[in-house]
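For the numbers below, each heavy atom of this structure counts, side chains included, while hydrogens, waters and symmetry mates do not. Labels below follow one simple rule: chain letters A, B, ... track the order of the sequence lines, proteins then strands, and each chain is numbered from 1. Bear in mind the structure is a predicted one, so any value in this text is a computation, not a measurement.
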Amino acid sequence: GAGVSQSPRYKVAKRGQDVALRCDPISGHVSLFWYQQALGQGPEFLTYFQNEAQLDKSGLPSDRFFAERPEGSVSTLKIQRTQQEDSAVYLCASSWELAPTYEQYFGPGTRLTVT
Amino acid sequence: GQQVMQIPQYQHVQEGEDFTTYCNSSTTLSNIQWYKQRPGGHPVFLIQLVKSGEVKKQKRLTFQFGEAKKNSSLHITATQTTDVGTYFCAGLDSGYALNFGKGTSLLVTP
């Protein structure tokens, strides 16, 4: 079956531009996570959705970052007024279960470069 | 907040040698997960450990969770070139945030 998909795979934005990154989780997965992975680092948690409810957004680095999952399936991570420090790979992961204590399936990521 | 430290950062072995990576948390974990990320790829789940002192094996891979649930290790016996990649541990203490270590990058030369 299809895995987690993300689009676009690559995005170049000029500093100050807004970007929107999309995640299509595996069908039926109730849990969805966003991570930010800088070069040579491990993924860093950004936010967690259980169906359409955003239960944890403690990892979002600033109020320029906003995530939504309005119908409990597709999710969008939006970054306003991008800065150079936002350059990273943004990973989406989904899971069958209601809690993060189970296997997470990662998408291929969106590599964001802010120039 | 919780921090997960991994050592070593890099490891270069000859094919057939063993490899071990260690993970330490500043707080007690409810569980720990291990992921593998190939160069240019995304993290792929390997295993989850939940119980104190738990040991799990997957073919040549052995995973351990410490008695105090603050440390874990991954041991690969007789490495192969297909084992190349970065191995991450990720700990969960409470809440929903899985905290990843910085990973150990394994290079295997034939």
Side-chain angles (χ1 to χ4, degrees), chain A residues 3-7 9-10 21 23-26 29-51 53-61 67 69 88-111, chain B residues 1-10 21-25 28-51 54 56 58 63 65 69 72 74 85-107:
Chain A
V4 177
S5 61
Q6 293 186 244
S7 61
R9 292 292 313 277
Y10 304 91
L21 312 180
C23 172
D24 282 85
I26 293 173
H29 277 196
V30 297
S31 288
L32 186 145
F33 306 83
W34 282 99
Y35 294 89
Q36 180 189 62
Q37 187 173 26
L39 189 63
Q41 304 294 316
E44 287 200 17
F45 172 83
L46 293 177
T47 188
Y48 166 64
F49 288 89
Q50 190 177 102
N51 295 308
Q54 189 175 21
L55 298 188
D56 190 340
K57 54 181 181 179
S58 62
L60 296 176
R69 194 186 184 196
V89 175
Y90 290 85
L91 295 164
C92 173
S94 68
S95 172
W96 284 110
E97 303 293 337
L98 293 177
T101 55
Y102 296 91
E103 172 178 0
Q104 295 186 24
Y105 296 82
F106 280 80
T110 295
R111 182 177 297 277
Chain B
Q2 179 204 117
Q3 291 195 0
V4 175
M5 310 298 288
Q6 261 187 278
I7 56 169
Q9 189 176 0
Y10 301 99
T21 174
Y22 300 90
C23 181
N24 291 286
S25 170
T28 301
L29 302 171
S30 61
N31 69 20
I32 195 159
Q33 297 180 6
W34 285 90
Y35 289 80
K36 177 183 179 181
Q37 187 171 22
R38 293 182 185 274
H42 56 273
V44 174
F45 177 85
L46 294 176
I47 209 157
Q48 175 173 268
L49 304 171
V50 179
K51 298 178 183 177
E54 189 169 15
K56 288 188 176 181
Q58 290 180 348
F63 303 83
F65 200 9
K69 300 183 75 174
S72 181
L74 159 60
T86 300
Y87 293 85
F88 293 99
C89 63
L92 185 71
D93 50 5
S94 62
Y96 303 101
L98 201 58
N99 290 292
F100 281 77
K102 291 188 175 182
T104 297
S105 293
L106 174 63
L107 180 61

TODO: Using the test ring pair (Phe, Tyr, Trp, His ring centres under 6.0 Å), find all partners of A:His29 that sit at least two apart in sequence or belong to another chain.
DONE: A:Trp96, A:Tyr105

- [ ] Sort B:Gln9 into side chain, backbone, both or neither according to what part of it lies under 4.5 angstrom from a heavy atom of chain A.
- [x] neither

Task: Partner residues of A:Gln54 under the side chain to side chain donor-acceptor pair (under 3.5 Å) criterion, sequence neighbours left out - done: A:Thr47

TODO: Measure distances from A:Gln37 to the heavy atoms of chain B and classify the residue's part below 4.5 Å as side chain, backbone, both or neither.
DONE: side chain

Task: Between A:Gly59, A:Ala93, A:Gly107, A:Gly40, the one whose heavy-atom pairs under 4.5 Å with chain B are most numerous - done: A:Gly107

Open item on the list: Could you walk me through whether B:Thr21 and B:Trp34 satisfy the side-chain hydrogen bond (donor to acceptor under 3.5 Å, both in side chains) test, starting with their C-alpha distance in whole Å, then the side-chain angles of each, then the deciding distance to 0.1 Å, before giving a yes or no?
Closed with: CA-CA 11 Å; B:Thr21 174; B:Trp34 285 90; over 6 Å; no

Open item on the list: If you count heavy-atom pairs within less than 4.5 Å of chain B, which of A:Pro43, A:Gly42, A:Ser58 leads?
Closed with: A:Pro43

Task: Under 3.5 Å donor-acceptor, A:Glu44 side chain and A:Gln36 backbone - done: no

